[in-house]
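Everything on this sheet refers to the single structure shown next.
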Amino acid sequence: MNILTAEDRTLTELDHRRLGRLIHLDTHPMAAVLEEAELTPSREVPADVVTMHSRIRLADLDGGQALTLTLCYPADAEPARGFVSVLSPVGMSVLGLRVGDVARWRLPGGWEGAARVEAIEFQPEASGIYTL
């Protein structure tokens, strides 16, 4: 099982720039990810990296349940439809991970979750979409 830190993640330069403008605060939990992640141009990001607008399949580590979600910006979040904000605990935990990596998060009530990234069903950059 891979235990990852912020520096183990890969972000596109565009995602990094947009998220930096979105959070505005050095104290936001996303700040560590933005500061430490490896940056790559959108045209060079590997297809197995979770980027913004990626649709991913996760497998819960406790029960093995499958969950499919699309990583989005807060304004587009609709958790009931599978659109999860990148600024949510789950969203922050998956951004920049690779297939096979394990995401860990803690919800505001204290519940902790963990899931393995099983597949990336859609990644904009792998489809030739570099500005989404």
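The minimum heavy-atom distance between Val84 and Gly91, with the atom names listed, is CG1-N, 4.0 Å. Minimum heavy-atom separation, Leu39 to Glu13: CB-CG, 4.2 Å. Heavy atoms only, all atoms of each residue included: Ala114 and Val102 are closest at CB-CG1, 4.4 Å. Shortest non-hydrogen contact noted between Thr40 and Thr10 is CG2-CG2, 3.7 Å. What you find for Ser42 and Leu14 is that their closest heavy atoms are OG-CB, 4.0 Å.
If you take CH2 on Trp105 and OG on Ser93, they are separated by 5.5 Å, rounding to the nearest 0.5 Å. For the atom pair CG of Leu11 and OG1 of Thr51, the computed distance is 9.5 Å after rounding to the nearest 0.5 Å. The line from NE2 of His16 to CE of Met52 is 13.5 Å long, rounded to the nearest 0.5 Å. In this structure, Phe83 CZ and Tyr73 OH are separated by 15.0 Å, a value rounded to the nearest 0.5 Å. One distance of note links CG of Leu71 with OG of Ser85; it measures 8.0 Å at 0.5 Å rounding. In this structure, CG in Leu87 is found 6.5 Å from CE in Met92, a value given to the nearest 0.5 Å.
Under the 4.5 Å side-chain criterion, counting only non-hydrogen atoms from C-beta, Leu67 is not in contact with Asp60. Contact annotation: the side chain of Val86 approaches that of Leu19 to within less than 4.5 Å [non-hydrogen atoms, C-beta and beyond]. Looking only at side-chain heavy atoms (C-beta outward), Arg9 and Val49 stay at 4.5 Å or farther from each other. Side-chain contact between Ile129 and Phe122 is present, with at least one heavy-atom pair separated by less than 4.5 Å. Proximity of Leu58 to Val94: side-chain heavy atoms (C-beta onward) are separated by under 4.5 Å at one or more points. Counting heavy atoms from C-beta on, the side chains of Ile120 and Val99 come closer than 4.5 Å. The side-chain heavy atoms of Leu132 and Glu125, taken from C-beta on, include no pair separated by under 4.5 Å.
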What do the steps show when you test Leu34 against Ile23 for side chain to side chain contact (heavy atoms under 4.5 Å, CB included), and what is the final call? CA-CA 10 Å; Leu34 296 178; Ile23 64 167; 3.7 Å; yes

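Using a 4.0 Å cut-off between charged nitrogen and carboxylate oxygen, Arg57 and Glu121 count as a salt-bridge pair. Looking at Arg106 and Glu112, a side-chain N of the basic residue comes within less than 4.0 Å of a carboxylate O on the acidic one, giving a salt bridge.
A distance-only check finds no donor-acceptor pair linking the side chain of Arg98 to the backbone of Val50 [under 3.5 Å].
Of the N and O atoms on the side chains of Ser54 and Gln123, not one donor lies less than 3.5 Å from an acceptor on the other residue.
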